[in-house]
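Right, one structure below, let's go through it.
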Amino acid sequence: MLLELVRQARKSLLLRNAGWLFAGQGLSFVVQAASFLVLARLLQSSEYGLLAGAVALVTIASQYGSMGSGQLFMRYVSADRGQSRPYWGNALFSVLLIGSALVALLWLIGPWLIRRDSLRVLILLALSECVFVQVTVCASMVFQTFEKMRISAALNLLTSALRLLFALSMLVIFGHASAWQWALASLLISIIVAVAAITVVTRHYGLPSFSLGLLLKRFGEGFVFAISGSTTSVYNDFDKVILSHYGMLQANGIYSMAYRVVNVGTMPILSLVGAAFPRFFQAGVNGTAAVLPMARTLLKRTLVPGVLVVAGMFLFAPILPHLVGNSYREAVSALRWLCLIPIFRCFSLSAGDALSGAGDQKFRLICQSTAAVGNGLLNLYLIPHYSWHGAAWASLLTDGALGTMSWAALFYLARRTRSADREVKRGAQSEIGISLAEPVRASDSGGRGQQAGCSI
């Protein structure tokens, strides 16, 4: 039985790609786990909370750094691989232009949203995430499009490995570091990885080219992708911004640590989702009904690791303070509150990617925007009253509602597509019936005319 499963896995390109992503992300999991353990000891909970607030705000803004260029590359180059150079060139141009503008914007509005003593950290992180990290993300999606998951996984692993190396070096040399020092190290890492990513893409697919007409033509669609990514960041990270705004740095450190464990635990699910994502675009040319079976299959495949991850986080949560220090004792309770999120993400990601692949991104955006607005309102009310407990309740409600809305939208659009197809078939059958009937009527009429003429 086991050998048969192995043979099937070898024959399935999807499972092989997912395997490569999971292998890369699995190594990344080990490296990231080690990184945030080292970082937690390096910063302590209050400094970690200060860093988490700045990271959360930058993460929300950074989704606009590429203006959806990676998703545009995947959608259109999947169908026409000869367009890779202009789409890659436009991606780099968008990142440099829009990313730099975002850094300036965050410098202006940052003091109004988070603590003023976080501004220096915020600017360094903005340069890192809005510009250089976005270059690496786009490069990773290039290789996802061509289903070269080994290279995509290697890029992700390189970032994690360098962060671990820097964190260990700082821990050994300094023993303790500030959030500003770590932000500076993160910027250096992102620059190194971005240069490596550009080099690898150029080696495989040639120098990028620039097409202003193509950039303007796809700008609106790319903006929709960017908004979609931003709304995802809003309901994932807005709570950390609010905790920082109210000066709850220790609570933010505790909650952010638990949320980081949840994100790391979700990596097996993201591996399967990432491997399947290009195929949704390929099948989506036939409409929403064509991607619905794929979404169901993906949901079944992600639920199994999702349940295992939830059980593992709940059972092994008490180990966390022994790994990261006693200042994170309350993270045990926070992790147990948040451990259901991977299950909810199985639903929202499978249906959401199906909507994107079928060209119904605006419906995914509606679901995500509704979730983001609801999450913001819940956090604004709950966090001042209940600290990180309120943030946890808001996260659970938001992720659960998003999964429900995404599948409701997918079922609705698939049913509408089937109804439209049936109407087209009925119309075609009617036209065929008319075309077959007309010669008969003409023959009958002609026969009657001839008979009448003979009688006269």
Side-chain angles (χ1 to χ4, degrees), residues 20-21 23-40 42-43 51-52 54-55 58-59 61-63 65-66 69-70 73 88-89 91-100 102-103 106 120-144 148-174 177-208 260 263-264 267 274:
W20 279 114
L21 281 180
Q25 292 184 357
L27 289 172
S28 226
F29 168 82
V30 175
V31 173
Q32 284 185 25
S35 295
F36 83 75
L37 291 178
V38 174
L39 190 61
L42 187 68
L43 298 180
L51 179 68
V55 167
V58 168
T59 301
S62 67
Q63 303 303 317
S66 64
S69 299
F73 187 100
W88 171 236
L92 293 177
F93 178 81
S94 298
V95 168
L96 291 175
L97 180 64
I98 305 300
S100 300
L102 286 172
V103 173
L106 287 172
R120 290 195 307 163
V121 175
L122 180 69
I123 298 306
L124 291 175
L125 291 174
L127 282 168
S128 174
E129 299 293 325
C130 295
V131 181
F132 298 104
V133 168
Q134 292 304 310
V135 170
T136 305
V137 169
C138 289
S140 178
M141 297 189 81
V142 168
F143 291 109
Q144 271 188 274
K148 293 186 176 181
M149 304 303 180
R150 286 179 292 181
I151 302 176
S152 180
L155 287 175
N156 293 329
L157 181 60
L158 179 61
T159 302
S160 302
L162 287 177
R163 284 178 176 169
L164 175 59
L165 180 62
F166 269 70
L168 282 171
S169 299
M170 293 174 71
L171 184 63
V172 171
I173 296 172
F174 302 112
S178 66
W180 179 84
Q181 289 171 321
W182 175 248
L184 180 60
S186 295
L187 175 59
L188 293 175
I189 293 166
S190 64
I191 293 172
I192 293 169
V193 177
V195 171
I198 293 173
T199 302
V200 174
V201 173
T202 302
R203 182 178 178 182
H204 279 79
Y205 305 111
L207 291 170
R260 181 61 183 270
N263 286 336
V264 172
M267 290 177 67

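Note that the numbering runs from 1 along the sequence shown for the chain.
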Exercise. What distance do Leu96 atom CG and Phe132 atom CZ have between them, rounded to the nearest 0.5 Å?
Worked result: 8.0 Å

For this session: Please answer whether the main-chain N or O of Val195 pairs with a side-chain N or O of Thr199 as donor and acceptor at a distance below 3.5 Å.
Result: yes

For this session: Please work out which of the three classes, parallel, tilted or perpendicular, describes the rings of His204 and Phe143, given edges at 30° and 60°.
Result: perpendicular

Exercise. Donor-acceptor pair, Gln134 side chain versus Ser62 backbone, under 3.5 Å?
Worked result: yes

For this session: Using a 4.5 Å cut-off on heavy atoms from C-beta on, say whether the side chain of Ser94 contacts that of Ser66.
Result: no

For this session: Could you pull out the closest heavy-atom pair between Met170 and Ala177, with the gap in Å?
Result: CE-CB, 3.6 Å

Seminar exercise, completed: Correct closest heavy-atom pair for Leu106 and Leu122 would be O-CD2, 3.6 Å

Problem set entry | Pairwise distance CD1(Ile191) to CG(Leu127) - rounded to 0.5 angstrom | 8.0 Å

Problem set entry | From CG (Leu171) to CG (Leu43), nearest 0.5 Å | 10.0 Å

Exercise. Do Ser69 and Trp88 come within less than 4.5 Å of each other through their side chains, counting heavy atoms only?
Worked result: no

Exercise. What are the two closest heavy atoms between Phe166 and Ala185, and how far apart are they?
Worked result: CD2-CB, 3.7 Å

Problem set entry | Gap separating the OG atom of Ser186 from the CG atom of Leu125, nearest 0.5 angstrom | 6.5 Å

Exercise. Between OG of Ser160 and CG of Leu155, what distance do you get to the nearest 0.5 Å?
Worked result: 11.0 Å

Problem set entry | Nearest heavy atoms of Arg120 and Trp180, plus distance in Å | CB-CD1, 3.6 Å

For this session: Report yes if the side chains of Phe73 and Met141 come closer than 4.5 Å at any heavy-atom pair, otherwise no.
Result: no

Exercise. Is there a donor-acceptor pair closer than 3.5 Å between any side-chain N or O of Ser178 and the backbone N or O of Gln181?
Worked result: yes

Exercise. What are the two closest heavy atoms between Ala61 and Leu102, and how far apart are they?
Worked result: O-CD1, 3.3 Å

Exercise. Do the side chains of Glu129 and Ser190 get nearer than 4.5 Å, heavy atoms only?
Worked result: no

Exercise. Which pair of non-hydrogen atoms, one from Ala196 and one from Leu158, has the smallest distance, and what is that distance?
Worked result: CB-CD2, 4.2 Å

Seminar exercise, completed: The reported gap from CD1 in Ile192 to OG1 in Thr159 (rounded to nearest 0.5 angstrom) is 10.0 Å

For this session: Indicate yes or no: at least one non-hydrogen side-chain atom of Leu168 is less than 4.5 angstrom from one of Leu164.
Result: yes

